[in-house]
Amino acid sequence: DSTSEEVKGNNIEKWDVPALPALPGVYQTPDLRKIVEEIVQDSAWCGNNAMAFVIEEDGNKGPRIAEAFDNNPSRAPILRVDWDEASVAPDACINQWTQIQVGSGNDDAEETISSGSVSTGGSQFDMRSSQVNGLRFDNIQIPRGATILEATLTFTARSTDTGAST
């Protein structure tokens, strides 16, 4: 029986999602380095942990619909993180960046706010005001204490839309 400590961050990044590109175009979040760095700087963080992100549409001009793992694993959301290798122990064997895709249908989820019902395994990732969305990226190989230079999430559009969303 093993236990793990959950690291929760306090940083929030507002994302003004532009109109979705022509299919199967990609769109990327602004830099999420403050969020990722807060997590990896925590004493409970250990390289190879999982990292999750919660995405909420504020109801202004959504929804945005992106590919989910179950519809097309090669177009599932991607997390990319670059860090300063000088910020970790000098004898550490590390890569200076990592890029990982959602690895299963259970790692992209949608919760309907009104009912609290959670669903995983859908064919699309709907970012709309009536639900909260979650992405989980497993086995993140970032050493504790790393200084994050840049971190982004990349989505592949599943349908096009004309307005902006946050």
Side-chain angles (χ1 to χ4, degrees), residues 2-18 20-21 25-58 62-69 72-111 118 120 124-129 131-158 164-166:
S2 67
T3 60
S4 65
E5 195 168 333
E6 188 175 285
V7 178
K8 290 183 180 178
N10 295 312
N11 281 302
I12 296 172
E13 181 66 41
K14 191 142 174 94
W15 177 24
D16 228 1
V17 183
L20 298 182
V26 298
Y27 50 111
Q28 193 171 65
T29 64
D31 192 355
L32 304 174
R33 77 173 156 247
K34 289 179 184 177
I35 295 170
V36 173
E37 189 166 85
E38 180 181 12
I39 294 168
V40 303
Q41 293 288 331
D42 191 282
S43 62
W45 174 259
C46 180
N48 301 327
N49 282 358
M51 191 175 292
F53 295 85
V54 175
I55 301 168
E56 297 178 357
E57 204 282 326
D58 68 6
R64 295 293 183 258
I65 300 173
E67 294 282 3
F69 177 87
N72 188 335
S74 70
R75 292 184 179 169
I78 297 171
L79 170 66
R80 177 173 171 118
V81 181
D82 297 274
W83 66 88
D84 180 1
E85 63 183 297
S87 68
V88 297
D91 59 344
C93 179
I94 63 164
N95 291 320
Q96 191 172 0
W97 62 271
T98 190
Q99 180 170 299
I100 190 163
Q101 217 159 5
V102 166
S104 84
N106 290 329
D107 291 336
D108 53 20
E110 301 169 345
E111 178 182 358
V118 175
T120 60
Q124 59 192 30
F125 190 73
D126 293 326
M127 293 173 269
R128 61 181 69 237
S129 61
Q131 61 191 36
V132 174
N133 300 280
L135 294 172
R136 181 178 179 273
F137 298 91
D138 201 17
N139 197 26
I140 304 293
Q141 298 181 16
I142 301 173
R144 181 182 323 135
T147 299
I148 305 302
L149 302 174
E150 182 178 27
T152 57
L153 291 171
T154 302
F155 297 88
T156 301
R158 177 150 165 105
S165 180
T166 55

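These numbers come from a predicted model, not from an experiment. Any value given below was found using the heavy atoms of this structure, including those in side chains, with hydrogens, waters and symmetry copies removed.
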Give a yes or no answer on whether the side chain of [X] reaches the backbone of [Y] with a donor-acceptor pair at less than 3.5 Å.
X	Y	answer
T98	Q141	no
Q41	A146	yes
E150	D31	no
E67	T156	no

Identify the two heavy atoms, one from [X] and one from [Y], that lie closest to each other, and give their separation to 0.1 Å.
X	Y	value
A109	T120	CB-CG2, 3.7 Å
P30	T152	O-CG2, 4.2 Å
A44	N49	O-ND2, 4.0 Å
L149	Q96	CD1-NE2, 4.5 Å
G105	F69	N-CD2, 3.2 Å
V36	F53	CG2-CZ, 4.0 Å

### Task
State which residues pass side-chain contact (heavy atoms from CB on, under 4.5 Å) with Q99; sequence neighbours excluded, sorted by chain then number.
I78, R80, W97
## Note on the structure
Residue set satisfying salt bridge (Lys or Arg N to Asp or Glu O under 4.0 Å) with R136, at least two apart, ordered chain then number -> D107, D138
### Message
Under the side chain to side chain contact (heavy atoms under 4.5 Å, CB included) test against I142, which residue among N48, I39, I148 passes?
### Response
I148
Kindly compute the distance separating [atom1] ([X]) from [atom2] ([Y]), expressed to the nearest 0.5 Å.
X	Y	atom1	atom2	value
E38	L32	CD	CG	12.5 Å
D108	F137	CG	CZ	9.0 Å
I140	L79	CD1	CG	5.0 Å
T154	Y27	OG1	OH	10.5 Å

